[in-house]
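What you see is a predicted model, and the numbers here were worked out from it, not measured in a lab. In each ligand, atom 1 is the first atom listed, and ligand 1 is the first ligand listed.
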Amino acid sequence: AGGRGCRMIRGAQIRDVLDAAHNVLFDCDGVIWNGEAAVAGAPEVVRLLKRRGKRVFFVTNNCTRPRENYVQKFSRLGFTDVAEEEIFSSAYCSAAYLRDVAKVQGKVFVIGCPGVLKELQDAGVPVAEQGDEGPDVSVYNLPLDPDVKAVLVGYDERFTFMKLATACGYLRDAECLFLATDPDPWHPLRGGRITPGSGSLTAALETASSRKATVIGKPSRFMFECISSQFDLDPARSLMVGDRLETDVLFGANCGLATMLTLTGVSTLEDAHELQQSESPEKKDCVPDYVVESIADFLQALEE
Ligand code: PLP
Ligand code: CA
């Protein structure tokens, strides 16, 4: 493979890239917002892309909110024209996978958060009780529900040893599915702090169970398949814009999309150049076709 360009672009060069794309897929955190603040110009970029006839989708590994909650967040941050149907989160896609692909016949044990539980409920996927965490419960007498046919791990600020042990108990059965919402190792918080991501909890369970989780979120192809099953997308006419090389850009490469790194989030241009020097094909797939400082740079290209 010739390798990807990692080309820093602006102005008319951005216009050419956008002209070639009919569908634009945006990662959320680090691309269109950072926490509770919209990236400057992002609402206008989304509005103008739509006015130009582009189809716009939001593809987030953040499983903590159900879709309807994202609609509220978009609106709160000044995005006035984002519909629920355009938002694909790892929680929504995990529920879709369990219902439509795995067609799981039984309950799901969840290590996760209310966003995951709400999406499973909306998809009609039954969830197992969390189990009693009372003083009498120990690793010797963990209550295991015989109807559990899948374990789903996502971001869980109430992760406990007992949840880990219970999930491990279910995974002893080789027929029990093992899914992870996303592989993200950590996330930036305000003030230079970070929080551990779903990937760190999945790693604990992978070690304990000697099994590997099937990842639903980016960089797995499933999120693109989920969008494609509802909207007929031509990968060759689609652009993925993200801030994390090993999830967003690799996702784009895995799905045959053009890829763009924006520098308003986690990964830096130096990170991209370092991957470009690597011999490993998987690392090379994390190198974007294009780099922009911010999606605000689209404005000039769209306004003319
Ligand atoms: N998961 C959690 C819990 C997060 O807080 C974040 C970012 O804030 C993400 C995932 C990553 O989201 P995205 O894929 O939109 O960057
Ligand atoms: Ca991101």
Can you list the ligand 1 atoms lying under 4.0 Å from a non-hydrogen atom of [X]?
| X | value |
| --- | --- |
| Asn61 | 1 (N), 10 (C), 13 (P), 14 (O) |
| Lys218 | 14 (O) |
| Thr60 | 12 (O), 13 (P), 14 (O), 15 (O) |
| Cys28 | 15 (O) |

Select the closest option to atom 16 (O) of ligand 1 among Ile32, Asp184, Asp27, judged by heavy-atom distance.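 Among Ile32, Asp184, Asp27, the closest heavy atom to atom 16 (O) of ligand 1 belongs to Asp27.
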Decide, counting backbone as well as side-chain atoms, whether Asp248 has an N, O or S atom less than 3.0 Å from the Ca ion (ligand 2).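 Checking the Ca ion (ligand 2) against Asp248, no N, O or S atom falls under 3.0 Å.
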Check: Ile9 and Val291 side chains under 4.5 Å, non-hydrogen atoms: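 Heavy-atom side-chain distance check fails, nothing below 4.5 Å.
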Between Thr202 and Pro183, is there a side-chain heavy-atom distance shorter than 4.5 Å?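 The answer is no, as the side chains (C-beta and beyond) never meet within the 4.5 Å cut-off.
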What protein heavy atom is closest to atom 5 (O) of ligand 1, reported as residue, atom name and distance in Å?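 Checking every protein heavy atom, the shortest distance to atom 5 (O) of ligand 1 gives Asn62 ND2, 3.4 Å.
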Return the closest protein heavy atom for atom 9 (C) of ligand 1 as residue, atom name and distance.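 Here the nearest protein heavy atom works out to His187 CE1, 3.0 Å.
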Using 4.0 Å as the upper bound for N to carboxylate O, is an ion pair formed by Asp182 and Lys218?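 Answer for the salt bridge query: no.
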Would you call Arg76 and Glu36 a salt bridge, taking side-chain N to carboxylate O under 4.0 Å as the test?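 Yes, this pair counts.
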Below 6.0 angstrom between ring centroids: does that apply to [X] and [Y]?
| X | Y | answer |
| --- | --- | --- |
| Tyr170 | Phe178 | no |
| Phe224 | Phe88 | no |
| Phe58 | Tyr70 | no |

Backbone or side chain, does any N or O of Asp29 fall under 3.5 Å from an N or O of ligand 1?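 Yes, there is a polar N/O contact under 3.5 Å.
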Provide the atom name of the closest N, O or S atom of [X] relative to the Ca ion (ligand 2).
| X | result |
| --- | --- |
| Asp29 | O |
| Asp27 | OD2 |
| Asp243 | OD1 |

Would you find a donor on one side and an acceptor on the other, under 3.5 Å apart, between the side chain of Arg52 and the backbone of Leu302?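 Yes; at least one donor-acceptor contact below 3.5 Å.
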Using a 3.5 Å distance criterion without hydrogens, assess whether the side chain of Arg67 forms a donor-acceptor pair with backbone atoms of Ile87.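 Yes; judged by distance alone, with no hydrogens or angles, the pair exists.
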Does ligand 1 have an atom that lies less than 4.0 angstrom from a heavy atom of Arg244?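 Contact check Arg244 vs ligand 1: negative.
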